[in-house]
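None of these values were measured; they are calculated from a predicted model. So you know, we letter chains A, B, ... as the sequences are listed, proteins then strands, and number each from 1.
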There are 2 protein chains.
Amino acid sequence: MTAITELAAALAPGKILTDPDVTDSYARDRTFLEPGKPLAVVLAETRDDVVAVMRWATRHRVPVVPRGAGTGLAGGATSVDGGVVLALHKMTAIRELSPADEIAVVEPGVITADLDRAAREHGLMYAPDPSSYEISTIGGNLATNAGGLRCVKYGVTRDSALGLEVVLADGRVIDTGRRTVKGVTGYDLTGLFIGSEGTLGVITAATVRLRRAPASYPATIAAEFTSLRDAAAAVSAIIAAGCQPSLLEMLDRTTLEAVEAWRSIGLEPATKAMLIGQADSADADAVSARMVELCEANGASFVAASSSPEEAQELIWVRRMAYQAKEKLGKCLVEDVCVPRSALPFMIEKIEAIAARHDALIATVAHAGDGNLHPVFIFDHALPEPPPNVWAAADEVFREALAMGGTLTGEHGVGLLKRRWLALETGPVTEELHHGIKGLFDPLGILNPGKAI
Amino acid sequence: MTAITELAAALAPGKILTDPDVTDSYARDRTFLEPGKPLAVVLAETRDDVVAVMRWATRHRVPVVPRGAGTGLAGGATSVDGGVVLALHKMTAIRELSPADEIAVVEPGVITADLDRAAREHGLMYAPDPSSYEISTIGGNLATNAGGLRCVKYGVTRDSALGLEVVLADGRVIDTGRRTVKGVTGYDLTGLFIGSEGTLGVITAATVRLRRAPASYPATIAAEFTSLRDAAAAVSAIIAAGCQPSLLEMLDRTTLEAVEAWRSIGLEPATKAMLIGQADSADADAVSARMVELCEANGASFVAASSSPEEAQELIWVRRMAYQAKEKLGKCLVEDVCVPRSALPFMIEKIEAIAARHDALIATVAHAGDGNLHPVFIFDHALPEPPPNVWAAADEVFREALAMGGTLTGEHGVGLLKRRWLALETGPVTEELHHGIKGLFDPLGILNPGKAI
Ligand SMILES: Cc1cc2nc3c(=O)[nH]c(=O)nc-3n(C[C@H](O)[C@H](O)[C@H](O)COP(=O)(O)OP(=O)(O)OC[C@H]3O[C@@H](n4cnc5c(N)ncnc54)[C@H](O)[C@@H]3O)c2cc1C
Ligand SMILES: Cc1cc2nc3c(=O)[nH]c(=O)nc-3n(C[C@H](O)[C@H](O)[C@H](O)COP(=O)(O)OP(=O)(O)OC[C@H]3O[C@@H](n4cnc5c(N)ncnc54)[C@H](O)[C@@H]3O)c2cc1C
């Protein structure tokens, strides 16, 4: 019996795909990276399917690449030659939703926005909302510790996770964390799995925290600026004034032009940046008025504000569409640097200078309130990977961010894409500890090999 | 040269204490546990002192017990025979406080409330506030992942920590985490050290997050109830109404009697419980009014509310004094169970029944909004440790909390005191992983041996 027939025998019929034409569509995420050829794709429907795959993989020393929705931007879910893709998007049960305890227990394949919608039915919300929330899974969000638009106020995925059910590399199952909002028994394994990009275990369920949903749709503002610096100064002013926005996003002109090229938005020639802010506190209208004032005081050329859901959604539509618009222009290398908030204006200027120097097309959006920037390097659709000038520019952006006390990745993860820069941020002792932890959880090195660390 | 003379030679004069009369005062925390006899106490003043101690300890395989202020309630800082106590309370520098980035970089010996006061000078606050905040250190808070009164709104110590400087068991130094509010490069070592009770490394600095301080002193209410159940129902109602209190504490009659016995507070004969709530949001007065309403609707016999700082501080004074008052009555075994919020009333009733059945004196305070209860078992000052009926009652309380989906410890840690119950909560596979991690970070087992895991 070959290894694959043995695996097929351990699973119900239809759960294993081996036709290369079919498996290929599970082999890549949203990066340009060329995947390895997988042996097979398993469509897991239960925890026991995951256990069966991991036991089998341990027996045969076959690499396993966990996969959510494949919306990752770092190559984390890119398949490896001779490995199995363990697809989790069919595990979509919300096992429990307790309004009294303000928690939900969910399977990893639940789409992020679906959990949020289920919570809203009880006056609650699931706060973490990556821009991809209509297409990404909770499992993928946990494995990358995803951020999002609301995380300027509500924190990242880690801040909403209380406990996990994890299948280890050898197929054993553990429960980490708890159902309570606090707890310190033992080491923080929950935190260790979160952001580990599928290299330490496969998440098969999570207990997550829900929060009270704000009473009404957030008050929303959108402001245009004729200089990026002014927009960045407005961000600092809004934070310093203690506005506590629930969303604070910035788009540069190149991004706005990409959106304009796709769907005309009446972009003014002088506009260099757009800032979008929301407030969802009890005094949201007052906060929104204050944000408008601060934008004007910092030189905004135009400011719109609304608290009607329809108008507000129109104002933030540009932000939600930004990535799609860029993908129309070319292949994208998406960076995800994060700098201390006060460094935001300097980082933005550096990116502009780097783009000019390397003749690279860089369109930047930022979760500005967090200092988290996504410079998107757009290159020719016809090329298999970024040309040398783009790599050189990307390299400089990373180095500048680190020099400002920043980090390589605020929310997307290291995956495959950023491994070559990893050593710039983590010293040799930390690297040794990372590999020690990896060796402890996955002694055969079969879980998502070559990723994250 | 003996090991101790070698250590003394590596440190500046005056930094090492060996006189047993003096070392004894650094050997215990706030539990009744009888400490082992330390070889010496080192009063570290710099990171290099810590490095010198750990290098020496590795060379000679001497156990090292890190110590902050010794206010711990789990025996974590209890010294061990033939070991060294590494006291960190003299490392009190606030290395940096950046209002623009809303962060501070502090040494471990900084007193929690001192950091908060330093932040307030800039309109910011350091949110985590264990009741002990005037006497505990940031290092101790990090090592136990301390909670506090405000954590119902702002989260525990972990939620305010961005990065750490840690001296490893062998004296090597690493920086974990970052200065940015987000970041996912590598595994979450910051989270792993937090709550590890000095068993994985010695924290010599931390980058912590500050938050905007509320504009005015929180609006405060205090309500008395003639039944514990009613008080617990009021808690659930307040949470369910989305009040988002910044503090929500409950005291039972035994606690109130302890305070009454010490400093007369005019306790009514029928009062069975007191609830104290605060709101610090922009609409704090409205929230406070709503909390008053909900207390009354749930049968409160008396409710007071105020937004003047003096009156408010008087209302919460009873809570701040509760532990001292109990210590007057006898030695204390302090439990720290945490249950899902909805289980709070049931847990409280169980505790009452257990106290009656075992004829034990249990005075309970609760961080009620978090479901975190501190049943304090008070026993005779003359006894060296709890008598059998108290241990039996304590055992039952733990088992009940776990049966409700709760945890052994919400914020104090496992230390020495709770190790005998640990296996009830963490299964064998998790235990194996804990020991694997311990072995990776501390292969010789010299860092706070016998604690936490
Ligand atoms: C248009 C667009 C916008 C985006 N905006 C954001 C944003 O605002 N913030 C943000 O953080 N990200 C954003 N992303 C990136 C991406 O959506 C996130 O990284 C997301 O968390 C990935 O989820 P996924 O289900 O697609 O995971 P995948 O891409 O399938 O996998 C991501 C990683 O997680 C691992 N993994 C997946 N599921 C599991 C599991 N159950 N157990 C263990 N490991 C697992 C994979 O091995 C891989 O390493 C965006 C992407 C796109 C395309
Ligand atoms: C009256 C009173 C009220 C309290 N209220 C609360 C409360 O509301 N919430 C709460 O969480 N706790 C509370 N506590 C418990 C205690 O104050 C906390 O656990 C606190 O975090 C301990 O700080 P410390 O500096 O005294 O640490 P210590 O007691 O000295 O040490 C605690 C643990 O941390 C380790 N440690 C200390 N410093 C370091 C370091 N730099 N690096 C590595 N390890 C270190 C020690 O080895 C030990 O395991 C209370 C205690 C008292 C006496």
Side-chain angles (χ1 to χ4, degrees), chain A residues 98 100-102 123 144-145 147 151 156 159 168 172 174 176 178-189 191-192 194-196 212 236 240 242 244 281-283 338-342 370-372 405-411 413-414 422 425-427 429-430 433-434 436-437 440-441 453, chain B residues 98 100-102 123 144-145 147 151 156 159 168 172 174 176 178-189 191-192 194-196 212 236 240 242 244 281-283 338-342 370-372 405-411 413-414 422 425-427 429-430 433-434 436-437 440-441 453:
Chain A
S98 163
D101 290 333
E102 299 184 351
T144 56
N145 195 11
C151 79
V156 293
D159 301 307
L168 299 176
R172 290 186 297 173
I174 60 168
T176 73
R178 46 197 66 83
R179 285 173 69 86
T180 55
V181 288
K182 290 161 68 179
V184 291
T185 308
Y187 300 142
D188 182 11
L189 300 185
L192 202 52
I194 293 176
S196 71
R212 307 305 309 178
S236 302
Q244 301 185 314
S281 49
D283 59 341
C338 190
V339 295
R341 276 179 188 145
S342 60
D370 291 322
N372 187 192
T407 176
L408 289 178
T409 171
E411 54 179 27
V414 170
L422 199 53
E425 184 170 343
T426 53
V429 184
T430 297
L433 291 172
H434 284 168
I437 290 170
L440 184 68
F441 284 81
I453 59 164
Chain B
S98 163
D101 291 333
E102 298 184 352
T144 57
N145 195 11
C151 80
V156 293
D159 301 307
L168 299 176
R172 291 186 296 173
I174 60 168
T176 73
R178 46 197 67 85
R179 285 173 68 87
T180 55
V181 290
K182 289 161 68 178
V184 292
T185 308
Y187 299 142
D188 182 11
L189 300 184
L192 201 54
I194 292 176
S196 71
R212 306 306 308 179
S236 302
Q244 300 185 315
S281 48
D283 59 342
C338 191
V339 294
R341 276 179 189 143
S342 60
D370 291 322
N372 187 192
T407 177
L408 290 177
T409 171
E411 53 178 28
V414 170
L422 199 54
E425 184 169 343
T426 52
V429 184
T430 297
L433 291 173
H434 284 168
I437 290 171
L440 184 68
F441 283 81
I453 59 163

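- At a 4.5 Å heavy-atom cutoff, the contact between A:Leu189 and chain B is made by side-chain atoms alone.
- Taking all atoms of both residues into account, the shortest heavy-atom contact from B:Lys182 to A:Val156 is CG-CG1, 3.8 Å.
- Ranked by non-hydrogen atom pairs under 4.5 Å with chain B, the options A:Val339, A:Thr176, A:Ile194, A:Thr426 are led by A:Val339.
- Contact annotation for A:Thr185: both backbone and side-chain heavy atoms come within less than 4.5 Å of a heavy atom of chain B.
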Query raised in the report: Would A:Asp159 and B:Asp159 count as a side-chain contact (heavy atoms from CB on, under 4.5 Å) if you check the C-alpha gap in whole Å, the side-chain angles of each, and the deciding distance to 0.1 Å?
Result: CA-CA 8 Å; A:Asp159 301 307; B:Asp159 301 307; 3.8 Å; yes

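- Proximity to chain A is absent for every atom of B:Ser236, based on heavy atoms less than 4.5 angstrom apart.
- Contact annotation for A:Ile453: only side-chain heavy atoms (C-beta onward) come within less than 4.5 Å of a heavy atom of chain B.
- Note: A:Ala240 leads A:Gly371, A:Ala100, A:Ala240 in heavy-atom pairs under 4.5 Å with chain B.
- Nearest heavy atom pair, residue B:Thr180 against residue A:Gly405, reads CG2-O, 3.9 Å.
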Report task. For A:Val184 and B:Thr144, run side-chain contact (heavy atoms from CB on, under 4.5 Å): C-alpha distance rounded to whole Å, both residues' side-chain angles, the deciding distance at 0.1 Å, then the answer. Result -> CA-CA 7 Å; A:Val184 291; B:Thr144 57; over 6 Å; no

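- Most heavy-atom pairs under 4.5 Å with chain A, from the set B:Asp370, B:Asp283, B:Leu168: that is B:Asp370.
- Taken to the nearest 0.5 Å, the CD atom of A:Glu102 stands 10.5 Å off from the OG atom of B:Ser342.
- Taking 4.5 Å as the limit, some side-chain heavy atom of A:Ile437 sits within range of a side-chain heavy atom of B:Leu192.
- For chain A, the nearby parts of B:Glu411 are the backbone and the side chain; heavy atoms of each come within less than 4.5 Å.
- When all heavy atoms are compared, the tightest approach of A:Gly191 to B:Asp188 is O-CB, 3.5 Å.
- Among the candidates A:Gly195, A:Gly242, A:Gly427, the residue making the largest number of heavy-atom pairs closer than 4.5 Å to chain B is A:Gly242.
- Only the side chain of A:Asn372 comes within less than 4.5 Å of a heavy atom of chain B; its backbone N, CA, C and O stay farther away.
- Here the closest heavy-atom approach between residue B:Pro340 and residue A:Asp101 is recorded as CB-OD2, 3.4 Å.
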